[in-house]
Trainee: 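Quick one: this structure, given as structure tokens, is what I'll be asking you about.
Every chain is numbered from 1, with letters handed out A, B, ... down the list of sequences.
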There are 2 protein chains.
Amino acid sequence: MEGRLSRVRAAMAESNVDQLLLSIGSDLPYLTGYRAMPLERLTMAVVGASGPVTLVVPRLEAPRVDAREPGFLDVVPWDETDDPVALVADVVGTAGRVALGDETWSTFLLQLQDSLAEAQFVAASPLMAQVRIIKDDGELTALRLSAHAADRVADRLAATVFSNRSERDLAAMVGAMLLEEGCDAVSFVIVASGPNSASPHHEPGERVIQGGDAVIVDFGGSVRGYHSDTTRTFHVGEPPARFTRMHDVVEEAQRAGVAAVETGVTAQSVDRAARSVINEAGFGDYFIHRTGHGIGLDVHETPYIVEGNDLQLAPGMTFSVEPGIYVPGEFGVRIEDIVAVVDEGADRLNISDRSVRIVG
Amino acid sequence: MEGRLSRVRAAMAESNVDQLLLSIGSDLPYLTGYRAMPLERLTMAVVGASGPVTLVVPRLEAPRVDAREPGFLDVVPWDETDDPVALVADVVGTAGRVALGDETWSTFLLQLQDSLAEAQFVAASPLMAQVRIIKDDGELTALRLSAHAADRVADRLAATVFSNRSERDLAAMVGAMLLEEGCDAVSFVIVASGPNSASPHHEPGERVIQGGDAVIVDFGGSVRGYHSDTTRTFHVGEPPARFTRMHDVVEEAQRAGVAAVETGVTAQSVDRAARSVINEAGFGDYFIHRTGHGIGLDVHETPYIVEGNDLQLAPGMTFSVEPGIYVPGEFGVRIEDIVAVVDEGADRLNISDRSVRIVG
């Protein structure tokens, strides 16, 4: 934790940031081990150029902090009739340039801007991302454990009868399996069947899966806070040629994306490698999202694998490669693995079978 | 939905708000039925004084909207290489006073302030709260169904063996029971045992519950998006006199709080009624939080039952009454019910037994 704090302070100095304010989201636990509750009572850490980090926290939540408190944390509990924004403003003092955690509720930013009228507020993500984007060995181990737990679930799913279950029921099964396979918590589960599989972020509903359905299952859990995220596309019964063709194209695109990963190449070049396979097969209009996103303490974080992102990949970066084809009203196919950038290219953290999985 | 939109627009006119911007959180589903995904891709509704509501949404999530889209919604999907903040700014135009949903990520507010330098941004909660705070019959029915499901779980817990289970395992059981009893989803579960029960927002962990423990179980699920939230304090085996005494005081404080609920009295008067019982018993320093919070589409929302809140209660308001006593290092007691304000006073939505529940 002390090492992380030093690196963040170096990044603050580089970006001319005098104070860093962190609330809900993963920046705070990354630095301190403590995750703020995402509720209306403000929790906010104030990180200056040196000295202890001040954590302004609701008094009723202060006992949650104690157990995890690193030595450099100065805890300031506030009572229900106190004004926590005033407390934060007091600690900040007359700072010029203040970086604020991206997910902080806007209502608190508006109040801080009133209280600290002289301060210039900027988003904390550029400086936090440059530290968080490179995973250390402990983080990579947690990501790998989490990925392998998800892989075992994918394998179990291939032996599961899908038909006559609702999407919601199958999603609940996937969640239970993630816990059985060693995840501490379920991060999310998408089960999108039949025409719903053409909706990339479909919310599992009451639709009952039936013979002839394509079924996209996209899911992840967390181990020590680090998420997994993998997608396999199943077919209930023998698939028609059109589905097999599209699945082949997506599998090839995913391989091409992973093969393009190399130290020093840009994030967008990975997107281009996967996308060109789908474009050349004539399905380009149906690949309606970027190729991937970073993963760590957040399911989505930097680096984003998207056209326009010329960030150079470096060892320790971890992200998804997840091309897809979505034909509205018909079906969709997506294949997703997490990879870690290593000296030699990409190390796939997900290793379950990527071919068409035919289920009952 | 159209009625809600009219009431929100009337509130906008009253507060001189030209445009209302809603992103993640419950304001958007309250108005449109659609809940934005809490991710890095911006979803934002722009509500002007009249005409359709514009919903700027990531293209890959647009299929999620279609199914729920009310007639007044104009959906604008954005592609991965578009700038969604620029799209929102275009729709807003030259608005003077812009209200922004409280939970919107600060990073988007900072970008909006850059794009709309002339606009004055204010928090949307004052105007949204004045509409959402009064529940209609459909909302009250959902809250009651959700509360009664939680009550059935509380009754089942009283017949459950607690000892030799970890807090985490018991919390998982409570979650499963909420679903079995008819909730659509689990909102949260706190299981705080032994000395952990002195931490009001304790996160269930590996501690194994044992004979002699006080155990606070605070939990809720949702029915059609409306949450329950109830707390009962259990004791493993016969409790010592000190525990029984404190439980009696909290029970009496909770009764006094509920009895104080009446149309036209202030929110703070309910807090005072509950708190004075605990103060008079000499435990005032150990009651370290407000007496309650409103509940609806959010687990915590207005009205907050806290000193300093002189909002007058009115029929259709729903909130918790949840006094507690927390002795650090020793144990805690909390009792919580949701009540609805009716013409005659308070209607308790939670009706499970509030007396000391002795478990094995």
Trainee: Check for a donor-acceptor pair, side chain of D82(A) on one end and backbone N or O of D79(A) on the other, with a separation under 3.5 Å.
Mentor: yes
Trainee: Any idea which of L110(A), V122(A), V299(A) has the most non-hydrogen atom pairs under 4.5 angstrom with chain B?
Mentor: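 Result: the option with the highest number of such pairs is L110(A).
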Trainee: Is Q111(B) in contact with chain A via its backbone, its side chain, both, or neither, using a 4.5 Å heavy-atom distance?
Mentor: neither
Trainee: Could you tell me whether the side chains of T81(A) and E307(B) share a donor-acceptor contact shorter than 3.5 Å?
Mentor: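 Note: T81(A) and E307(B) side chains miss the donor-acceptor criterion.
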Trainee: Regarding S187(B) and H227(B), is there a side-chain donor-to-acceptor distance under 3.5 Å anywhere?
Mentor: yes
Trainee: Using non-hydrogen atoms and a 4.5 Å limit, figure out which bit of H202(A) sits close to chain B: side chain, backbone, both or neither.
Mentor: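 The answer is the backbone of H202(A).
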Trainee: Would R64(A) count as a cation-pi partner of Y34(A), with NZ or CZ less than 6.0 Å from the six-membered ring centre and within 45° of the ring normal?
Mentor: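 Not satisfied by the 6.0 Å and 45° rule.
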Trainee: Using heavy-atom distances under 4.5 Å, tell me whether I288(B) contacts chain A through its side chain, its backbone, both, or neither.
Mentor: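 For I288(B), the contact with chain A is made by backbone and side chain together.
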Trainee: Tell me which of these, L179(B), T107(B), N309(B), has more heavy-atom pairs under 4.5 Å with chain A than the rest.
Mentor: T107(B)
Trainee: Is it the side chain or the backbone of F108(B) that comes within 4.5 Å of chain A heavy atoms, both, or neither?
Mentor: neither
Trainee: Counting only non-hydrogen atoms closer than 4.5 Å, does L100(A) touch chain B with its backbone (N, CA, C, O), its side chain (CB onward), both, or neither?
Mentor: side chain
Trainee: Can you find a side-chain donor-acceptor pair between S15(B) and R97(B) that sits under 3.5 Å?
Mentor: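 Checked: S15(B)/R97(B) side chains show no N/O donor-acceptor pair below 3.5 Å.
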Trainee: Taking side chain as everything from C-beta outward and backbone as N, CA, C, O, which of these in E40(A) sits under 4.5 Å from a heavy atom of chain B? Side chain, backbone, both or neither.
Mentor: side chain
Trainee: Ignoring hydrogens and geometry beyond distance, is a side-chain donor-acceptor pair present between D102(B) and S125(B) at under 3.5 Å?
Mentor: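 Side-chain D/A pair, D102(B) to S125(B): present.
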Trainee: Would you check, one step at a time, whether the test side chain to side chain contact (heavy atoms under 4.5 Å, CB included) holds for R272(A) with T291(A)?
Mentor: CA-CA 8 Å; R272(A) 287 176 185 170; T291(A) 291; over 6 Å; no
Trainee: Go through the atoms of L60(A) and report whether side chain, backbone, both or neither lie under 4.5 Å from a heavy atom of chain B.
Mentor: both
Trainee: Counting heavy-atom pairs under 4.5 Å with chain A, which one of E301(B), H293(B), M37(B) comes out on top?
Mentor: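 Ranked by contacts with chain A, first place is M37(B).
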